[in-house]
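Just follow the structure's listing: the first ligand is 1, and inside any ligand the first atom is 1. Worth knowing before you read on, the calculation uses all heavy atoms, side chains too, and leaves out hydrogens, waters and symmetry mates. Position 1 is the first residue of the sequence; numbering continues from there.
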Amino acid sequence: MQDTLRITEVFYSLQGETRTAGLPTVFVRLTGCPLRCQYCDSAYAFTGGTIRPLDDILEQVAGFRPRYVCVTGGEPLAQPNAIPLLKQLCDAGYEVSLETSGALDISAVDPRVSRVVDLKTPGSKEAHRNRYENIELLTPNDQVKFVICSREDYDWAVSKLIQYGLDTRAGEVLFSPSHHDLNARDLADWVVADNLPVRLQLQLHKYLWNDEPGR
Ligand SMILES: C[S@@+](CC[C@H](N)C(=O)[O-])C[C@H]1O[C@@H](n2cnc3c(N)ncnc32)[C@H](O)[C@@H]1O
Ligand SMILES: Nc1nc2[nH]cc(C(=O)O)c2c(=O)[nH]1
Ligand code: SF4
Ligand SMILES: [Mg+2]
């Protein structure tokens with residue numbers, strides 16, 4: 001039996017987030033997630049999808065001839081075969097990133113992958129799922145993200161930034177406003193006022209294409 005994964009979509013777009021924002025990227029969106037963040041913009045990936053052999057997914061990715069590949073979901077690490085998928089994407093020569101909720105163990109992910117680890121804020125309603133052991137595993141090739149819903153979430157994120165020295169562990173600390181919950185301008189003003197060592201990230205794809213799936 002060949003390794004398979006349940007996949008919602010594979011598409012080519014501009015990376016809307018993280019340190020490669022703006023660069024053409026293939027997205028592989030895995031189906032299913034054990035969390036239910038109140039703001040989730042990808043709830044259409046909770047169910048459905050198609051079970052596909054790994055080779056078939058790799059072949060579709062190769063057809064786009066990309067430099068960057070982003071594995072997202074849903075929660076990719078909820079499927080054990082996400083680990084061989086990530087390794088084989090690296091072996092194929094792509095620059096690979098993984099978007100993960102931070103609720104599951106990231107230790108088995110190929111070190112060539114840039115792990116984008118969310119620390120779920122209280123405003124997500126899933127902060128109790130954070131696996132803080134992941135923080136010790138972060139390297140300069142990784143990125144930590146806070147999706148911020150309110151001033152209270154911002155203060156919480158700043159306290160975690162300081163408590164764990166996140167800017168010295170990960171290559172990037174990203175502060176992203178929760179779309180529809182928080183004005184990007186307010187978050188920008190707070191980051192400047194506090195002189196934080198973080199990058200404000202806006203979801204570029206929502207400005208370009210609103211909230212359409214597959215973009
Ligand atoms: C849809 S999730 C999939 C990967 C993984 N489950 C996770 O949460 O990181 C991809 C990224 O989108 C972020 N996201 C989801 N909904 C959002 C929203 N309404 N505003 C800003 N970011 C959002 C998540 O926090 C996460 O960083
Ligand atoms: N363009 C684009 N960039 C993205 N970066 C992360 C995404 C995600 O849903 O994880 C995403 C997405 O859905 N679209
Ligand atoms: S963990 Fe990611 S995919 Fe799951 S509900 Fe939260 S934002 Fe959505
Ligand atoms: Mg998205």
Side-chain angles (χ1 to χ4, degrees), residues 5-47 49 64 66 68-79 82 85-86 95-106 109 113-127 129-131 134 138 142-150 153-154 157 170 172-184 186-187 198-215:
L5 282 161
R6 187 174 282 277
I7 300 285
T8 294
E9 56 188 357
V10 177
F11 61 96
Y12 201 32
S13 186
L14 294 186
Q15 175 57 271
E17 310 185 27
T18 70
R19 71 174 188 215
T20 54
L23 296 173
T25 300
V26 172
F27 293 86
V28 180
R29 191 179 306 280
L30 275 59
T31 309
C33 181
L35 278 67
R36 290 293 180 268
C37 304
Q38 61 80 13
Y39 51 64
C40 185
D41 59 14
S42 304
Y44 64 92
F46 289 166
T47 57
F64 293 108
Y68 299 95
V69 180
C70 177
V71 175
T72 185
E75 174 46 56
L77 296 181
Q79 295 190 53
L85 171 69
L86 290 161
E95 291 189 36
V96 181
S97 61
L98 166 71
E99 295 260 347
T100 181
S101 62
L104 291 141
D105 182 8
I106 63 168
V109 175
V113 173
S114 179
R115 299 171 297 191
V116 183
V117 180
D118 234 308
L119 264 190
K120 295 296 177 188
T121 58
S124 74
K125 308 285 187 212
E126 289 286 31
R129 305 293 294 267
N130 284 326
R131 185 182 160 88
N134 280 336
L138 295 172
D142 298 319
Q143 311 178 53
V144 180
K145 190 198 292 185
F146 293 92
V147 173
I148 297 173
C149 304
S150 63
D153 269 5
Y154 172 81
E172 298 276 349
V173 180
L174 308 162
F175 275 26
S176 181
S178 171
H179 206 74
H180 301 307
D181 284 323
L182 181 63
N183 198 319
D186 288 338
L187 182 54
V198 308
R199 185 187 295 273
L200 175 77
Q201 77 142 50
L202 306 180
Q203 293 181 296
L204 201 56
H205 49 297
K206 293 190 183 168
Y207 292 87
L208 293 170
W209 300 296
N210 204 359
D211 222 346
E212 290 170 42
R215 299 306 296 266

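- Using a 4.0 Å heavy-atom cutoff, Arg29 is listed among the residues neighbouring ligand 2.
- Of the inter-residue distances, the one linking Glu212 atom CD with Phe11 atom CZ reads 11.0 Å to the nearest 0.5 angstrom.
- For ligand 1, the polar-atom distance check finds no N/O of Ser176 at less than 3.5 Å from any of the ligand's N/O atoms.
- Remark: among candidates Phe27, Phe11, Trp209, Tyr12, the nearest residue to atom 11 (C) of ligand 2 is Phe27, based on non-hydrogen atoms.
- If you number the atoms of ligand 1 from 1 as listed, the ones under 4.0 Å from a heavy atom of Cys40 come out as 16 (N).
- Near Glu75, meaning under 4.0 Å from one of its heavy atoms, ligand 1 places the atoms 5 (C), 6 (N).
- In terms of modelled atom types and a separation under 3.5 Å, the side chain of Asp181 and the main chain of Ile148 share no donor-acceptor contact.
- For the pair Gly73 and ligand 2, the shortest N or O to N or O distance does not fall below 3.5 Å.
- With a 4.0 Å heavy-atom cut-off, ligand 2 is reached by the backbone of Leu14 but not by any atom from C-beta on.
- Ranking the protein heavy atoms by distance from atom 20 (N) of ligand 1 puts His179 N, 2.9 Å first.
- For Cys70, the closest heavy-atom approach to ligand 2 does not fall below 4.0 Å.
- For atom 18 (C) of ligand 1, the candidate residues are Lys120, Gln38, His180, Lys206; the nearest heavy-atom contact is made by Lys206.
- Close approach of ligand 2 to Arg215 is summarised as follows: ligand atoms under 4.0 Å from at least one heavy atom of the residue are 1 (N), 2 (C), 12 (C), 13 (O), 14 (N).
- For ligand 1, the atoms lying closer than 4.0 Å to a non-hydrogen atom of Ser178 are 20 (N), 21 (C).
- Applying the 4.0 Å criterion to heavy atoms of Pro177 picks out, from ligand 1, the atoms 20 (N), 21 (C).
- Scanning all protein heavy atoms for the shortest distance to atom 6 (N) of ligand 1 gives Gly74 O, 2.8 Å.
- At a 4.0 Å heavy-atom cut-off, ligand 1 does not touch Cys33 at all.
- In terms of N/O distances under 3.5 Å, ligand 1 is not approached by Arg29.
- With a heavy-atom cut-off of 4.0 Å, Asp181 does not touch ligand 1 at all.
- Contacts between Asp118 and ligand 1, counted as non-hydrogen atom pairs separated by less than 4.0 Å, involve the side chain only.
- One N or O on the side chain of Asp142 and one on the backbone of Arg115 form a donor-acceptor pair closer than 3.5 Å.
- Side chain of Gln143 to main chain of Ser114: no donor-acceptor pair is present (N/O by atom type, distance under 3.5 Å, no hydrogens or angles).
- Between Ser42 and ligand 1, no pair of N/O atoms sits closer than 3.5 Å.
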